[in-house]
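Let me begin by presenting the structure, written as structure tokens, before commenting on it.
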Amino acid sequence: MSARAESRSPEKAWFLRALLVLQAPRPVFAALRDDSDESAGARQDAAGSVVWLAGIAGVLATSVAGTLLDDPARDWLVVTVWAFLAGGLYGFGLYFIVGKVLHVALRWLGSEGSFRRARHVLAFAAAPVALALFLYWPIRIAVYGRDLFLTGGADGSSAGDVFAWVFYAFVAWSLALLVVGVRTVHGWSWARSLAGVTIAASFVAALAVVVSVLYAV
């Protein structure tokens, strides 16, 4: 029993770090320098949990979510199940795609880190977006209710638009954490770290625009 508890303690420590990264990010990202299979395995569950929660928070902000209850046959159970499943797909899809883009961008700037470590840095940097699921979305849903998931709902007012943009403060927080993470893991300057994140973010933004245009067509 004690051996099993000891084997679980590194994994529990990483779940605690997933919370700590919001307050003291540098020690958390410094721990990511160890990219051994054992260390990476211990943190993969915590990283995956953050990615899934961030995915749910992110998918609720999409235009698709704003039309879920247009069909009268759908109810809150449909919204909940959709958010859970679509959030997982959305979160892990971005985890691997954006993680790879970040990895390539950092390699261009001289990084010798692995794709796995780049993904884990991205995952823990996404903690603020995951936090939005517990701080931002409950308040917004309490204020607007079903209108959030209806076309032309009350959330489409000027006040609603301002409230909607508050979500991107959490996204900006995550981007700032990503810069801190890259700098801490690689020991780079602020300028070099910011350049790596900017290159990756620019490529992802361009890819998103292309996908949006193709979807519209």
Side-chain angles (χ1 to χ4, degrees), residues 18-19 21-23 25 49-99 101-102 122-181 194 197-198 200-217:
L19 298 174
V21 73
L22 297 166
Q23 180 183 4
S49 297
V50 173
V51 166
W52 200 311
L53 293 173
I56 295 173
V59 82
L60 286 172
T62 63
S63 58
V64 175
T67 63
L68 282 176
L69 295 181
D70 285 356
D71 185 344
R74 297 173 182 166
D75 56 17
W76 284 104
L77 178 60
V78 172
V79 173
T80 302
V81 173
W82 175 85
F84 181 78
L85 297 178
L89 290 173
Y90 185 74
F92 280 99
L94 291 179
Y95 175 58
F96 283 98
I97 294 172
V98 178
V101 171
L102 177 65
L122 177 66
F124 284 94
V129 178
L131 181 65
L133 184 62
F134 302 99
L135 289 186
Y136 170 80
W137 282 111
I139 296 174
R140 194 171 182 211
I141 291 173
V143 171
Y144 293 107
R146 291 178 60 91
D147 283 353
L148 273 178
F149 306 100
L150 288 170
T151 301
D155 62 305
S157 63
S158 297
D161 290 341
V162 172
F163 202 169
W165 277 99
V166 171
F167 173 74
Y168 293 98
F170 291 90
V171 177
W173 184 3
S174 285
L175 287 172
L177 277 187
L178 186 57
V179 176
V180 173
L194 180 60
V197 173
T198 301
S202 299
F203 185 86
V204 171
L207 182 62
V209 170
V210 171
V211 171
S212 298
V213 171
L214 291 176
Y215 181 78
V217 172

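Here the structure is a predicted model, which means the values were calculated and not measured.
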Work out which heavy atom in [X] is nearest to a heavy atom in [Y]; give both atom names and the distance.
X	Y	result
Val50	Ala126	CG1-C, 3.9 Å
Phe149	Ala65	CD2-O, 3.1 Å
Val129	Ala54	CG1-O, 3.7 Å
Ala125	Ser174	O-OG, 3.0 Å

With [X] via side chain to side chain contact (heavy atoms under 4.5 Å, CB included) - residues at least two apart:
X	value
Arg74	Leu68, Leu69, Asp71, Val78
Ser202	Thr198
Leu22	Ala127, Pro128, Leu131, Trp173

Legend entry - Contacts of type side chain to side chain donor-acceptor pair (under 3.5 Å), residue Thr151, not counting sequence neighbours: Asp70

Exercise answer: donor-acceptor pairs, residues 82-99 side-chain atoms, under 3.5 Å, sequence neighbours excluded:
none

Legend entry - Value rounded to 0.5 Å, distance of CG in Leu60 from CD1 in Ile141: 6.0 Å

Legend entry - Spatial distance of atom OH (Tyr144) from atom CZ (Phe163) [nearest 0.5 Å]: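 Going from OH on Tyr144 over to CZ on Phe163, the span is 6.5 Å.
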
Legend entry - pair Arg140-Phe167: side-chain heavy atoms closer than 4.5 Å: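 SC-SC contact between Arg140 and Phe167 ruled out.
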
Inset, instruction - Kindly determine whether Leu53 and Phe134 satisfy side chain to side chain contact (heavy atoms under 4.5 Å, CB included), including the steps that lead there. - result: CA-CA 9 Å; Leu53 293 173; Phe134 302 99; 4.0 Å; yes

